[in-house]
Amino acid sequence: MGSRALQLDVSADSEASPRRNVPGSVTSPLVNSEKGVFRNQNAGFTTLASPVRREIGNRSMARSFCVDDNDLEDGKASKERDSSLQLHKLPKIQNQALLSGLAYCISSCSMILINKFVLSGYGFNAPIFLMLYQNIVSVTIVSTLSLSGAIPTEPLTWNLIKIWFPVNIIFVAMLITSMFSLKYINVAMLTILKNVANVLTASGETYFFKKQHGVQVWIALMLMIISAVAGGITDLSFHAVGYTWQTLNCFLTASYSLTLRHVMDSAKQATKSGNLNELSMVLLNNILSLPLGIILVLGFNEVDYLLETSLLRMPEFWLVITVSGVLGLGISFTSMWFLHQTSATTYSLIGSLNKIPLSVAGIVLFNVRTSMQNSLSILFGLLAGVFFARAKLRDNSPT
């Protein structure tokens, strides 16, 4: 699900979803579920919102973060991201670290909750169109800011597009599966299930890149698996279709993070400056997602539904989905701001802790039926995510 940053733990969060943050590390932003979510999911490898979306990031790099919303935060990667961002000086505000942290947490949580409200509360049955519209909002805002000179972005050349397009296909698939799963699964369980993407990503790092992880990292990953299985077994609102979509989303989130890591160097060489900052990746991901989104809207026959539903004739509905698009992009901006004001360690841990109020809010706001066993498994999974973030940071710190 957002400019999904993804998150960059593609914190789902992404959150991102991890919403459109580009995975520099893996944190689950829920992008856009996810984008943001995703945007946060991708905050640990190099530069991502997000994930996604999402989780999410964003979404995207978020993604994100999209790659966002899976809580792998690499300190060195974050420093590289920091140095690559040519951000204008922010007005002097006291306690900018606190303010930026609050902005990041609010935007990433709100993104996922609004997406859930649109898909489940309104009963909107065109999740691909929702993703497409959010991407249009992101492209419009980033392009306007870029043309006005407010933010720096790299020119989109055909050579860069050809290099990035295969990664973008995975990115779009990640956002869509996140949307479909969010429709059927409650937010708290979705947050826990997204941890599985961390397991797949860490395993992929070891297999493909020969990266060695410490014992504490593997213990945390094992705890995540246990919490996901226990949560699924005790989930009173278990939905097989939703769990199937989320399983597929975890594989796609891990694939996006690992593939992006491989493509980044080639993509940088295809730019005029020899660099590719996060905002450029957000714009690139979202622009390339538009034709794919249109094709999928037609392919999944969402057009007939869109012509018949009364929701599109409600101004307040358009306001809600527009806000969701703005929030998805907001995850990218606030995650960069927060990283600029604080350390990689703080960013990663806040991304993990952010899932706790998100899960509670998801249960309360949507009146989710739960049991003591399910609540304990969710809490267990959230704490495992925090333990994983700390273990990963210790693993990456210089000795």
Side-chain angles (χ1 to χ4, degrees), residues 1-2 11-17 19 28-37 52-56 69 105-127 130-131 134 177-195 227-247 249 305 309-311 314 316-321 323-324 327-328 353-383 385:
M1 312 163 189
S11 305
D13 123 214
S14 59
E15 217 148 69
S17 297
R19 193 184 113 146
S28 175
L30 289 168
V31 215
N32 306 142
S33 106
E34 273 300 286
K35 283 182 174 181
V37 163
V52 80
R53 167 322 357 326
R54 47 314 314 312
E55 165 31 288
I56 84 263
D69 204 16
C105 291
I106 292 173
S107 60
S108 59
C109 287
S110 300
M111 177 73 218
I112 299 166
L113 295 174
I114 288 182
N115 277 347
K116 179 65 175 177
F117 179 65
V118 171
L119 296 170
S120 299
Y122 275 108
F124 188 60
N125 290 320
L130 177 60
M131 177 214 72
Q134 291 174 341
T177 52
S178 175
M179 287 286 192
F180 276 109
S181 61
L182 187 60
K183 180 177 178 61
Y184 298 103
I185 303 176
N186 70 72
V187 173
M189 274 307 306
L190 188 71
T191 302
I192 301 306
L193 294 174
K194 282 183 174 297
N195 284 336
S227 67
V229 173
I233 294 174
T234 58
D235 187 2
L236 299 180
S237 58
F238 178 88
H239 198 294
V241 173
Y243 273 71
T244 300
W245 281 114
Q246 184 51 41
T247 299
N249 176 260
Y305 170 78
T309 181
S310 60
L311 290 173
M314 298 168 54
E316 60 268 30
F317 180 76
W318 284 103
L319 176 61
V320 170
I321 62 176
V323 169
S324 71
L327 283 171
L353 292 171
N354 192 35
K355 295 178 181 179
I356 297 177
L358 172 63
S359 299
V360 174
I363 292 174
V364 173
L365 294 177
F366 297 100
N367 297 317
V368 176
R369 294 188 307 118
T370 187
S371 63
M372 179 61 70
Q373 294 89 336
N374 185 245
S375 298
L376 289 175
S377 65
I378 291 173
L379 178 61
F380 183 69
L382 294 172
L383 295 178

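Please read all numbers here as calculations on a predicted model, not as lab measurements.
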Let me see the working for Leu358 and Leu113 under side-chain contact (heavy atoms from CB on, under 4.5 Å), right down to the final yes or no. CA-CA 8 Å; Leu358 172 63; Leu113 295 174; 4.0 Å; yes
Kindly indicate, with the supporting measurements, whether the criterion side-chain contact (heavy atoms from CB on, under 4.5 Å) is fulfilled by Trp245 and Lys183. CA-CA 10 Å; Trp245 281 114; Lys183 180 177 178 61; over 6 Å; no
Please step through side-chain contact (heavy atoms from CB on, under 4.5 Å) for the pair Tyr305 and Leu311, ending with a clear verdict. CA-CA 10 Å; Tyr305 170 78; Leu311 290 173; 4.0 Å; yes
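Side-chain contact between Met179 and Phe124: absent, with no pair of heavy atoms (C-beta onward) separated by less than 4.5 Å. Using a 4.5 Å heavy-atom cutoff, the side chains of Val118 and Ser324 are not in contact.
Contact record, Met189 with Gly232: CE-N, 3.7 Å, taken as the closest heavy-atom pair. Minimum interatomic distance between Lys116 and Phe366 (heavy atoms only, all atoms of both residues): CG-CZ, 3.4 Å. Across all non-hydrogen atoms, the minimal contact from Cys105 to Asn354 is CB-OD1, 3.4 Å.
Pairs of residues two or more places apart, or lying in two chains, never qualify as side chain to side chain donor-acceptor pair (under 3.5 Å) while including a residue from residues 358-369.
In this structure, the side chain of Ser120 does not engage the main chain of Phe117 through any donor-acceptor pair within 3.5 Å.
Residues satisfying the side chain to side chain donor-acceptor pair (under 3.5 Å) test with Thr247, not counting sequence neighbours, are none. Residues satisfying the side chain to side chain donor-acceptor pair (under 3.5 Å) test with Ser375, not counting sequence neighbours, are Thr370. Judged as a side chain to side chain donor-acceptor pair (under 3.5 Å), and not counting sequence neighbours, the contacts of Thr234 are Asn374. Annotation: side chain to side chain donor-acceptor pair (under 3.5 Å) contacts of Ser107 (sequence neighbours excluded): Thr334. In this structure Phe238 satisfies the ring-ring contact (aromatic ring centres under 6.0 Å, His included) test together with Tyr243, sequence neighbours excluded.
Rounding to the nearest 0.5 Å places CG of Asn249 at 7.5 Å from CG of Leu190. Atom CD1 of Ile114 is separated from atom SG of Cys109 by 11.5 Å, given to the nearest 0.5 angstrom. Taken from CG in Asp235 to CD1 in Ile378, the straight-line distance is 7.5 Å, to the nearest 0.5 Å. Put simply, CD1 on Ile356 and CG on Leu383 are 6.0 Å apart, with the number rounded to the nearest 0.5 Å. The CG atom of Asn115 sits 11.5 Å away from atom CE of Met131, with the distance rounded to the nearest 0.5 Å. Residue Gln246 holds its CD atom at 11.5 Å from CD1 of Ile192, rounded to the nearest 0.5 Å.
No hydrogens or angles considered: nothing links the side chains of Ser227 and Asn195 as a donor-acceptor pair under 3.5 Å.
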